[in-house]
Amino acid sequence: MVWRILLVFCLVSAMLASCGGSSPPTEGQATDFATACDKANDGKRIAVVGYLRFPDSFTGDQSVLLRMYETGDLSGKPIGVETEFGTQANQVEPVKDQYSDSDLKVHLANGQVAQFGTQVKVSGKVYYPIVSQDFDCGLENPLVEAAP
């Protein structure tokens, strides 16, 4: 009986410890946009330079999966960037139900705001979506900075 109580206590403690939120975003290893989604980068923290835009549609008001493109003409395959809504560093300002790309305002790590069409550097941990998306990989826990 004591072992069961001890086991339950240990499991609950471990679960609570894992719920402690994500760690602060840090700068990743500079990576060429074309090789960012290579399987060798799985789980690694990388940094890529490109242009962010909203997806065609999304639901929810906590976060959005922005699309990052290598060039300003927004062509080619994007990379997903998991971004929380808010007015803090590394967050995107909330938008109304009807939005356009011109509504995109991303708060950079240094406190400045990048508008749609601004080249940025995004660092994040590489992951691969479970369900099919319009991107091959995504970056989680982003650090968003002005492009060099």
Side-chain angles (χ1 to χ4, degrees), residues 8 10-148:
V8 169
C10 288
L11 288 174
V12 169
S13 295
M15 289 181 357
L16 289 174
S18 68
C19 294
S22 62
S23 59
T26 57
E27 191 166 347
Q29 175 68 40
T31 304
D32 187 51
F33 197 97
T35 61
C37 291
D38 288 357
K39 290 292 182 186
N41 291 327
D42 188 13
K44 293 182 180 174
R45 196 154 179 85
I46 65 168
V48 291
V49 174
Y51 298 84
L52 295 171
R53 90 180 298 186
F54 282 117
D56 291 337
S57 65
F58 63 92
T59 58
D61 58 1
Q62 300 297 312
S63 65
V64 61
L65 253 165
L66 297 175
R67 298 331 192 239
M68 183 177 200
Y69 293 86
E70 183 174 16
T71 61
D73 66 2
L74 309 176
S75 63
K77 192 90 158 173
I79 295 172
V81 179
E82 289 186 20
T83 311
E84 292 182 4
F85 283 114
T87 57
Q88 306 275 333
N90 309 306
Q91 295 180 337
V92 63
E93 288 193 11
V95 292
K96 298 181 188 288
D97 290 341
Q98 299 294 318
Y99 63 89
S100 67
D101 285 328
S102 63
D103 295 320
L104 181 69
K105 294 175 182 66
V106 179
H107 292 263
L108 304 178
N110 67 4
Q112 294 180 337
V113 176
Q115 306 274 341
F116 172 73
T118 303
Q119 188 179 44
V120 294
K121 179 172 83 170
V122 177
S123 295
K125 182 179 172 187
V126 176
Y127 74 93
Y128 299 95
I130 296 171
V131 295
S132 181
Q133 298 282 339
D134 61 344
F135 54 88
D136 291 332
C137 74
L139 301 175
E140 60 187 10
N141 194 15
L143 175 74
V144 186
E145 302 172 289

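When all heavy atoms of A34 and D38 are compared, the closest pair comes out as O-OD1, 4.4 Å. R53 and Y69 make their closest contact through CD-CE1, 3.5 Å (heavy atoms, listed as atom of the first residue, atom of the second, distance). Pairing each heavy atom of V49 with each of Q119, the nearest pair is CG1-NE2, 3.3 Å.
By the 4.5 Å heavy-atom criterion applied to side chains, Q88 and H107 are not counted as neighbours. At a threshold of 4.5 Å between non-hydrogen side-chain atoms, the residues F58 and L65 do not count as touching. Residues F33 and I79 form a side-chain contact, since some pair of their non-hydrogen atoms from C-beta on lies under 4.5 Å apart. A 4.5 Å side-chain heavy-atom check between V64 and V95 finds every atom pair outside the cut-off. Contact of the R45 side chain with the L143 side chain is registered, since non-hydrogen atoms from C-beta on lie closer than 4.5 Å. Residues D61 and P94 form no side-chain contact, since every pair of their non-hydrogen atoms from C-beta on lies 4.5 Å or further apart. Considering only heavy atoms from C-beta on, D101 comes within 4.5 Å of F54 through its side chain. Within the 4.5 Å cutoff, side-chain heavy atoms of L66 are placed close to those of L104.
Within a 6.0 Å radius of NZ in K121, other residues, nucleotides and ligands contribute more than 12 heavy atoms. Annotation: N110, atom CG; neighbour count of heavy atoms from other residues, nucleotides and ligands within 6.0 Å is above 12. Summarising the local packing, CD of Q112 is surrounded by 12 or fewer heavy atoms from other residues, nucleotides or ligands at distances under 6.0 Å.
Taking CD of Q115 as the reference point, atom NZ of K105 lies at 5.0 Å (rounded to 0.5 Å). Rounding to the nearest 0.5 angstrom, the gap separating the OH atom in Y128 from the CG atom in D136 is 9.0 Å. Taking OG1 of T83 as the reference point, atom CD of Q91 lies at 9.5 Å (rounded to 0.5 Å). Distance check, rounded to the nearest 0.5 Å: CG of L139 to NZ of K125 gives 12.0 Å.
For D103 (side chain) and S100 (main-chain N/O), a donor-acceptor pair under 3.5 Å exists by modelled atom type.
Within the structure, every pair that satisfies the disulfide bond (SG atoms under 2.5 Å apart) test and touches residues 53-148, not counting sequence neighbours, is listed here: C37-C137.
Checking each of N90, T118, V120, V113 against L108 for a side chain to side chain contact (heavy atoms under 4.5 Å, CB included) leaves exactly one that passes, namely V120. Of the candidates S123, S23, P24, N141 forms a side chain to side chain contact (heavy atoms under 4.5 Å, CB included) with just one, namely S23.
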